[in-house]
Amino acid sequence: MDRLLHDARVAPLIGRWGRLLVKHALGDLIAERRTPSGGGTARFDVDHLVQRAGNLLAARYVAPLEAVLNLTGTLLHTNLGRASLPVEAAAAMLAASGPVLLEMDPATGARGGRESHVAGLLEALTGAEAATVVNNTAAALLLVLNEFARDREVPVSRGELIEIGGSFRLPELMQRAGCRLLEVGTTNRTHPRDYERAVGTSTALILKVHPSNYEIRGFTTAVPTRELANLAHARGLPLVVDLGSGSLVDLTRHGLPAEAHPREVLADGADLVLFSGDKLLGGPQMGVIVGRRDLVRAINANPLKRALRVDKARLAAMAAVLRLYADEPHIAAATIPLLRQLAVPLDELQRRGEALRAQVGDHFAPWFAATVVTARTQIGSGAMPGAEVDSHALAFAAQPPLVARHVEALAAALRRGLPPVIGRVQGGQLRLDLRACEDDALLARCLLDVNVSALS
Ligand SMILES: *Cc1c(COP(=O)(O)O)cnc(C)c1O
């Protein structure tokens, strides 16, 4: 085994997976060989062994957070880590890798606030009195409900009882936070009088949730934030709004629907607004809480806050992203990948698609026909459901005698590449949406790396 681990042919495996996992995989394959049905103790073919160990490792583990090309047509893909961070954020994380003034006031040397690095920027950007952050928005909601509504009631419109992918279900989260959900109104229509009827002596607050990953259309009514805030305040209750995505800029110029910004929701009277760091904001995973100073102070003092707090690397990344928004508007548009990708002109995508097709088309012939097709890019991660922006995709269609199964095989081969290229199979074609592609030369290389005849 020792000799094997020092063999040059094993080195790439160790480079990718680390020595310990490679040693386990090789050990298992050798042990299997030694069983009566395993082929005995004849000399091992190292090349063969390396290949089998590579397959075994890939089946057992996901390579540790390898960068991939997300060409799925979903810009914020939860399974691919949502928002891509700007280089400024990556640099900030690196800069924060050693000791930093995380919880120390440099003036006095005394303990300072961990969130102060981002809180000031969040307040300035949203107009809030105060701000704090936790692990994600699910955590923010858990914390807010636990602090203000434990053993009490919280009315929520039936049209807003959301489930988000990955088992985030509002009613279950509310239960774990220790509060009782009071369902108000109906799925499609909720009126002020429905809330009025629900509010009683044990009501803690009113919660409004942005239905971020679905739309209710047709005969619908929801109570606007301002009206709901007035209703809550008349009874001495705070209004908490879970905004979900929480964009800080206007995205309508990209043909996307107008979304209420945290600043507007606060101006409409919400006492606390919650939103995610890694959706439309384009930052790291985080749950942002902005609003009234007294409420934020109480949240920061809740013991659960300690369990849900954010580490220095993500705080550094968030501060860097917020800084980009705090500079000239065009700076965020040019540096935050999501905003940059939304702004790429359609004709540029088409031109780049044609150039790629010219480069790789022959490599896939005669097995697959490569074409440039129009596509629709969606935002994803429960932001702006149903909203899409026009795009172009490089598409691969199987040519006879190849069939649909071979398209799946091509998609899988690209997913196994270095780096993995993640596309989407749709209408019998493999489509690589180019809107999120920021390195066409790398994509071309990945495509030319595919052993096409091995797929057929
Ligand atoms: C996405 C979303 C959440 C969960 O946010 P995370 O940051 O992923 O925890 C909560 N509420 C709404 C309305 C959302 O859209």
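Counting starts at 1 for both ligands and their atoms, following the listed order.
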Could you say whether the N/O atoms of A138 and ligand 1 ever approach to under 3.5 Å? yes
Considering G244, S381, P211, which one's heavy-atom position lies nearest to atom 12 (C) of ligand 1? G244
Matching residue for E115 among K312, R309, R314, K305 - test: salt bridge (Lys or Arg N to Asp or Glu O under 4.0 Å): K305
Side chain to side chain donor-acceptor pair (under 3.5 Å) test vs D433 passes for just one of T377, T72, T74, namely T377
Between the CZ atom in R431 and the CD atom in Q426, the distance rounded to the nearest 0.5 Å is 4.5 Å
From atom 14 (C) of ligand 1, work out which of M286, E160, K279 has a heavy atom at the shortest distance. K279
Min N/O separation S276 to ligand 1 under 3.5 Å: yes
Does the side chain of T374 come within less than 4.5 Å of H392's, by heavy atoms? yes
Using the rule side chain to side chain contact (heavy atoms under 4.5 Å, CB included), only one of V241, V290, V296 pairs with L272; which is it? V296
Taking the minimum heavy-atom distance to atom 8 (O) of ligand 1, which of H210, R82, K208 ranks first? R82
